[in-house]
Amino acid sequence: MTSFELTRLLPSDHFARALREDVRRGLTAPAKSLPPKWFYDKRGSELFEDITRLPEYYPTRAERAILTARADEIAAATKARTLVELGSGSSEKTRLLLDALGALGTLREYVPVDVSESALREAGRRLAEDYPGLAVHGVLNDFTASLGLPGEVPAPRLVAFLGGTLGNLNPAERSAFLTALRAELSPGDSLLLGTDLVKDPAVLVAAYDDSAGVTAEFDKNLLNVLNRELDAGFDPEAFEHVALWNAEQEWIEMRLRSVRAQRVPVPGVELTVEFAEGEELRTEISAKFRREGVAAELATAGFALRHWWTDPEGRFGLSLAEP
Ligand code: AVJ
């Protein structure tokens, strides 16, 4: 019998409070911005799944190609009894790891960690159907706010942080995050880290500004989240989606550009937010990496890089590291 259990690591009002804090800070700053975690309500999580199937959005396919080729090697190297996945989303690519660790016979427990309760429940339901005997322990958590892995899971643990989600953090946040993660791990545990790589900016920009407009809808869905959660008065039609390559920082930025001057009430935080015509709200950074940079960031946080793999076209990198 598969079991699915969901734990909330944070107080029940955490997300409501954190959203208000982020909105107060991000929409009153001279350069407006919001952290990308607020994209992922039920609709946003679905739109992201749609993005992963777009012809322009290569990272999911590239990472899946690496996992397909290397899952057995990863299983043999880690012998994990628990697979913890940070930002698990639909857990689709994770199946490759579950299969390999299952075949090796070490796997006991899968611990998906995500900010989206709907994504956790949906993934848990599907995995329960397909993996009889696997204990699935979902954790609703914001690992950028407090890492907190569930303590009582069988060692050794393999922590997977896939999809390039590390790139949503800026360098200081990445360093703090990796250092905190390192502190949670013990000898024998491992980290599997997926990072999208620097490449032709035209390819990168197309991946974040697809011709079908799915990414634009995903970006604007953030405004629907603010309207619902904070009773805000955003008109998504009054903003346009922008994706650009920041060559100096080596990251993609997504922004919402106000098509006209407007004042938007946000009663949930007692604000009226003014936008000038053409003013932009930054909604995401998605950093792109090079092997040396990944190795250096891991080393600074106290990890040793054991394996580095890319897809045949060198678009995406997968690192296996040890504390
Ligand atoms: C889920 C964070 C890896 O940065 O590529 C996709 C999110 N944003 N298209 C990424 C995203 C726009 C994605 N991550």
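In listed order, ligands and their atoms are each counted from 1.
Side-chain contact check for Ser88 and Tyr110: no donor-acceptor pair (N or O, by modelled atom type) lies under 3.5 Å. Side-chain atoms of Thr78 and Ser190 include no donor-acceptor pair closer than 3.5 Å. Side-chain contact, His137 with Thr7: a donor N or O sits under 3.5 Å from an acceptor N or O.
Of the protein's non-hydrogen atoms, the one nearest atom 3 (C) of ligand 1 is Gly163 O, 3.0 Å. Considering only non-hydrogen protein atoms, atom 13 (C) of ligand 1 sits nearest to Tyr57 OH, 3.3 Å. In terms of protein heavy-atom proximity, atom 8 (N) of ligand 1 is closest to Glu284 OE1, 2.6 Å. Nearest protein neighbour of atom 2 (C) of ligand 1, counting heavy atoms only, is Asn168 OD1, 3.0 Å. In this structure, atom 4 (O) of ligand 1 lies nearest to the protein heavy atom Ser286 OG, 2.7 Å.
Counting all heavy atoms, side chain and backbone alike, Leu86 lies closest to Phe161 at O-CD1, 3.4 Å. Shortest non-hydrogen contact noted between Leu67 and Lys93 is CD1-CB, 3.9 Å.
Glu240 places no side-chain N or O within 3.5 Å of a backbone atom of Arg257 that could act as its donor or acceptor partner.
For ligand 1, the polar-atom distance check finds no N/O of Lys288 at less than 3.5 Å from any of the ligand's N/O atoms.
Distances from atom 5 (O) of ligand 1 to the heavy atoms of Tyr58, Tyr40, Tyr208, Phe39 show the closest one on Tyr208.
For ligand 1, the atoms lying closer than 4.0 Å to a non-hydrogen atom of Met254 are 12 (C).
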